[in-house]
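Counting starts at 1 for both ligands and their atoms, in listed order. The chain is numbered in sequence order, starting from 1.
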Amino acid sequence: MSNRSLGLSEALHAYLLETGVREPPLLRRLREETARDPMARMQIAPEQGRFLGLLVSLAGARRALEIGTFTGYSALWIARALPPDGLLVCCDISREWTRVARRYWAEAGLDDRIRLRLGPALETLDELLAAGERGSFDFAFIDADKPAYPDYFERCLDLLRPGGLVAVDNVFWDGAVLDAEARDDDTRAIRAFNARLARDDRVELSVIPVGDGLALARKR
Ligand code: SAM
Ligand code: CA
């Protein structure tokens, strides 16, 4: 996990930021403010934010989900790619981190497009399903606690329409997926999730080496 795509040198990353990302000044400011947080490495890379935004607009998405919001950086990239009447439902348990997020969303004038649901994401997703929102979302980004990835993925598939896209972050887990010595819960969970996703024929799958590995699964 880091704020630049795995394998890129610092110099090449700086070049990429200069030539190929067009990070808006507000997003850059949020990234710089978050950099002072000891957990800053949880934030997605700028090139990944731009890419997620591109996917959201290519998909023509109007309704999106985010599982794991932190200080709101990935959410801002997603929300700004939605149409003015679009909706992004953000799930997180941290009041403190999402307080920062809310401040930037308001400054961007995008807070009317973002609904933050504070609480365990699984509960929120189950509430959405119970409220009849099955099949009503176009896009989902999963980036919260890793052991719950399989549950998030199932809920997101239920909430997406056919043709909708789920993007799952950190599927390389900084290379630990290949390290036989790495047996912690997060690494095991990601390995198991990847193995299952590789065989899941309910989706079209493309895993790409952007950020810390991003799995793109399109619901058939
Ligand atoms: N997508 C964010 C970004 O790029 O800035 C980073 C998200 S960070 C990797 C993971 C987030 O998941 C944290 O903000 C944490 O509070 C949240 N989280 C952890 N467990 C959760 C749970 N059970 N339900 C909802 N959110 C959770
Ligand atoms: Ca992540």
Side-chain angles (χ1 to χ4, degrees), residues 1-6 21 23-24 26-53 55-56 64-81 88-105 108 110 114-128 139-156 159 166-177 185-187 189-190 193-194 207-216:
M1 319 107 258
S2 102
N3 314 115
R4 79 174 179 251
S5 291
L6 215 63
V21 175
E23 182 182 33
L26 184 78
L27 276 141
R28 182 180 179 142
R29 195 146 43 82
L30 170 54
R31 187 160 56 84
E32 287 167 355
E33 179 173 339
T34 307
R36 298 198 289 271
D37 188 295
M39 296 304 282
R41 66 177 193 287
M42 293 205 299
Q43 189 171 64
I44 59 164
E47 63 274 19
Q48 184 176 347
R50 170 59 70 187
F51 183 64
L52 289 175
L55 287 176
V56 167
L65 284 165
E66 179 177 79
I67 325 298
T69 290
F70 190 40
T71 58
Y73 182 77
S74 50
L76 255 189
W77 278 109
I78 295 168
R80 65 195 297 287
L88 171 63
V89 176
C90 284
C91 306
D92 207 289
I93 43 173
S94 167
R95 193 174 293 278
E96 194 187 336
W97 281 327
T98 56
R99 195 174 293 134
V100 179
R102 285 183 198 269
R103 181 154 45 81
Y104 279 86
W105 297 343
L110 290 169
I114 305 178
R115 197 176 302 155
L116 174 66
R117 300 277 301 252
L118 265 185
L122 216 46
E123 285 177 20
T124 300
L125 297 173
D126 282 338
E127 280 162 21
L128 292 173
F139 180 85
F141 178 49
I142 299 179
D143 190 19
D145 47 321
K146 310 312 172 196
Y149 266 24
D151 292 329
Y152 295 149
F153 187 75
E154 290 304 314
R155 302 309 190 275
C156 286
L159 286 162
V166 193
V168 187
D169 199 28
N170 302 107
V171 297
F172 291 166
W173 207 227
D174 214 11
V177 284
D185 288 350
D186 287 343
T187 307
I190 290 179
F193 175 76
N194 287 341
V207 176
I208 56 160
V210 68
D212 182 29
L214 182 69
L216 301 175

Find all atoms of ligand 1 within a distance of less than 4.0 Å from any non-hydrogen atom belonging to [X], and give their numbers and elements.
| X | result |
| --- | --- |
| Thr69 | 2 (C), 5 (O) |
| Ile44 | 3 (C), 4 (O) |
| Gly119 | 24 (N), 25 (C) |
| Pro120 | 24 (N) |

So is there a nitrogen or oxygen of Gln43 less than 3.5 Å from a nitrogen or oxygen in ligand 1? no
(message) Side chain or backbone, does Gly68 bring an N or O within less than 3.5 Å of an N or O on ligand 1?
(response) yes
One should read off an interatomic distance between Thr124 OG1 and Arg155 CZ, to the nearest 0.5 angstrom, of 11.5 Å
The reported gap from CZ in Phe139 to SG in Cys156 (rounded to nearest 0.5 angstrom) is 10.0 Å
Vertex the Ca ion (ligand 2), ends Asn170/OD1 and Asp143/OD1: angle to nearest 10° comes to 80°
Looking at Leu76, Asp92, Leu52, Asp143, the heavy atom closest to atom 15 (C) of ligand 1 belongs to Asp92
Candidates Leu125, Ile93, Asp212; heavy atom nearest atom 19 (C) of ligand 1 found on Ile93
message: side chain to side chain donor-acceptor pair (under 3.5 Å), that's the test. Do Ser5 and Glu47 meet it? Break it down for me.
response: CA-CA 8 Å; Ser5 291; Glu47 63 274 19; 2.8 Å; yes
The answer for which part of Leu122 has a heavy atom under 4.0 Å from ligand 1 is neither
Of the protein's non-hydrogen atoms, which lies at the shortest distance from [atom], and what is that distance?
| atom | answer |
| --- | --- |
| atom 25 (C) of ligand 1 | Ala121 N, 3.5 Å |
| atom 3 (C) of ligand 1 | Ser74 OG, 3.3 Å |
| atom 20 (N) of ligand 1 | Asp145 OD1, 3.3 Å |

Between Asn170 and the options Ile44, Leu214, Asp212, the side chain to side chain contact (heavy atoms under 4.5 Å, CB included) test singles out Asp212
Could you check whether Glu32 pairs with Arg28 (Lys NZ or Arg NE/NH1/NH2 to Asp/Glu carboxylate O, under 4.0 Å)?
yes
Main chain of Gly72, side chain of Trp105: is a donor-acceptor contact present, judged purely on distance under 3.5 Å? yes
Any side-chain heavy atom of Thr71 within less than 4.5 Å of one from Tyr104? no
Is there a side chain to side chain contact (heavy atoms under 4.5 Å, CB included) between Glu23 and Leu26? Walk through the geometry before answering.
CA-CA 8 Å; Glu23 182 182 33; Leu26 184 78; over 6 Å; no
Original post:
Out of curiosity, is Ala148 lining ligand 1, as in a heavy atom under 4.0 Å away?
Top reply: no
Note to self: Between ligand 1 and Tyr152, can you find any atom pair, the residue atom being a heavy atom, that is separated by under 4.0 Å?
What the structure shows: yes
- Could you verify whether a donor N or O on one side chain and an acceptor N or O on the other, from Gln43 and Asp37, lie under 3.5 Å apart? no
Item to complete: Compute whether any side-chain donor of one residue and acceptor of the other, for Ser74 and Glu66, lie under 3.5 angstrom apart.
Response: yes
Looking at Asp169, the N/O/S atom that lies nearest to the Ca ion (ligand 2) is called OD2
